[in-house]
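Structure first, then comments.
The shown structure was predicted, so the numbers you read here are calculated from the model rather than taken from an experiment. Residue numbers begin at 1 in each chain, while the letters A, B, ... track the order of the sequences.
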Amino acid sequence: DVKVTQSSRYLVKRTGEKVFLECVQDMDHENMFWYRQDPGLGLRLIYFSYDVKMKEKGDIPEGYSVSREKKERFSLILESASTNQTSMYLCASSFREEAHFGDGTRLSIL
Amino acid sequence: QKEVEQNSGPLSVPEGAIASLNCTYSDRGSQSFFWYRQYSGKSPELIMFIYSNGDKEDGRFTAQLNKASQYVSLLIRDSQPSDSATYLCAVNAGGFKTIFGAGTRLFVKA
């Protein structure tokens, strides 16, 4: 089975902090994604990566950056956290179009 | 802006009934269609995918696709209380980006 592991289930940070969310997959998938999920808005794509050191902006990249130094690891960075970034963050990996998700990180910015 | 629309629900059906979940999409070039199930507090898990017009059956689940009408649906036969979850429709128009709907909440009453 595909395993996508996110480093934290719950995280509380303060406004202005730099926040790192980590994601690791064990299936050698080329594609990795970061989504945020908010009530009534569904899953929205922040960034995705189709290869090491490659990244593409999704639909809502503002305020975020990503890093993919190794194939199995995809990191989401909140450069200066703001309260409107309080959300559930989901990492996913895929070989083709079928995405496999991690358990999510519920991030609260105070 | 490519869109995937779902009725947010909640959709309530009695145990043993057929639950019908519907989804429309805006991009006529869409090629791949997915249904994910998400239990409360959990991450989405893939339950069905369909690429061609018509029906695809897997156990109690049937996915139906009508590309001319830009419509995809999921039927759940013999609904069980354990089917109570949010069902996310997802559409891929090629490439790496999959667009998710906001989801339909389903309640199956015992």
Side-chain angles (χ1 to χ4, degrees), chain A residues 1-10 21 23-25 27 29-51 54-61 66 68 74 87-107, chain B residues 1-10 21-27 29-52 56 58 61 63 65 72 74 85-106:
Chain A
D1 277 352
V2 177
K3 184 71 173 176
V4 179
T5 303
Q6 294 183 230
S7 53
S8 304
R9 289 300 307 273
Y10 301 94
L21 302 183
C23 176
V24 177
Q25 52 97 1
M27 285 301 294
H29 286 168
E30 294 181 344
N31 307 322
M32 296 189 73
F33 307 82
W34 275 106
Y35 293 89
R36 63 178 283 177
Q37 186 173 30
D38 300 288
L41 297 178
L43 283 156
R44 292 181 292 167
L45 182 64
I46 304 170
Y47 267 97
F48 66 99
S49 169
Y50 52 90
D51 202 354
M54 305 301 289
K55 59 185 179 183
E56 292 286 340
K57 293 180 180 179
D59 298 317
I60 51 165
V66 291
R68 193 160 181 208
F74 192 36
S87 186
M88 170 67 84
Y89 289 86
L90 290 163
C91 174
S93 74
S94 74
F95 173 56
R96 295 194 175 93
E97 303 103 327
E98 303 161 29
H100 300 268
F101 287 87
D103 287 337
T105 296
R106 187 164 292 281
L107 175 64
Chain B
Q1 176 76 10
K2 299 172 184 177
E3 293 182 346
V4 176
E5 299 287 342
Q6 294 181 258
N7 189 318
S8 62
L21 305 163
N22 304 313
C23 172
T24 59
Y25 58 94
S26 62
D27 187 349
S30 298
Q31 300 171 4
S32 309
F33 307 85
F34 306 87
W35 283 100
Y36 287 81
R37 177 177 61 201
Q38 186 174 23
Y39 291 114
S40 181
K42 301 292 187 181
S43 59
E45 57 176 329
L46 181 68
I47 54 172
M48 289 285 288
F49 60 89
I50 186 167
Y51 300 140
S52 303
K56 179 181 179 181
D58 184 0
F61 298 96
L65 174 61
V72 58
L74 179 70
T86 296
Y87 289 80
L88 304 174
C89 174
V91 175
N92 185 290
F96 303 104
K97 287 181 64 174
T98 297
I99 308 297
F100 285 80
T104 298
R105 293 182 68 189
L106 172 67

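The aromatic rings of B/Phe100 and A/Tyr35 stand perpendicular to each other, their planes meeting at an angle above 60°, with 30° marking the opposite boundary. Ring geometry, B/Tyr36 versus A/Phe101: the interplanar angle exceeds 60°, so the pair is classed perpendicular (tilted spans 30 to 60°).
In this structure, no portion of B/Phe33 lies under 4.5 Å from any heavy atom of chain A. Contacts of A/Gln37 with chain B are made by side-chain atoms alone, with heavy-atom separations under 4.5 Å and no backbone atom involved. With a threshold of 4.5 angstrom between heavy atoms, A/Arg106 does not approach chain B through any atom at all. In this structure, chain B has a heavy atom under 4.5 Å from the side chain of A/Asn31, while its backbone stays farther away. Both the backbone and the side chain of A/Ala99 come within contact range of chain B, each with at least one heavy atom under 4.5 Å from a heavy atom of that chain. For chain B, the nearby parts of A/Leu43 are the backbone and the side chain; heavy atoms of each come within less than 4.5 Å.
Side-chain contact annotation: B/Asn7 with B/Thr104, donor-acceptor N/O pair under 3.5 Å absent.
Chosen from B/Gly103, B/Ser32, B/Ser8, the residue pairing most often with chain A at heavy-atom distances under 4.5 Å is B/Ser32.
The local environment of CZ in B/Arg105 is sparse, with at most 12 non-hydrogen atoms from other residues, nucleotides or ligands closer than 6.0 Å.
Nearest approach of B/Tyr39 to B/Glu45, heavy atoms of both residues: CE1-OE2, 3.6 Å.
Between the side chain of B/Gln38 and the main chain of B/Leu88, no donor-acceptor pair closer than 3.5 Å is present.
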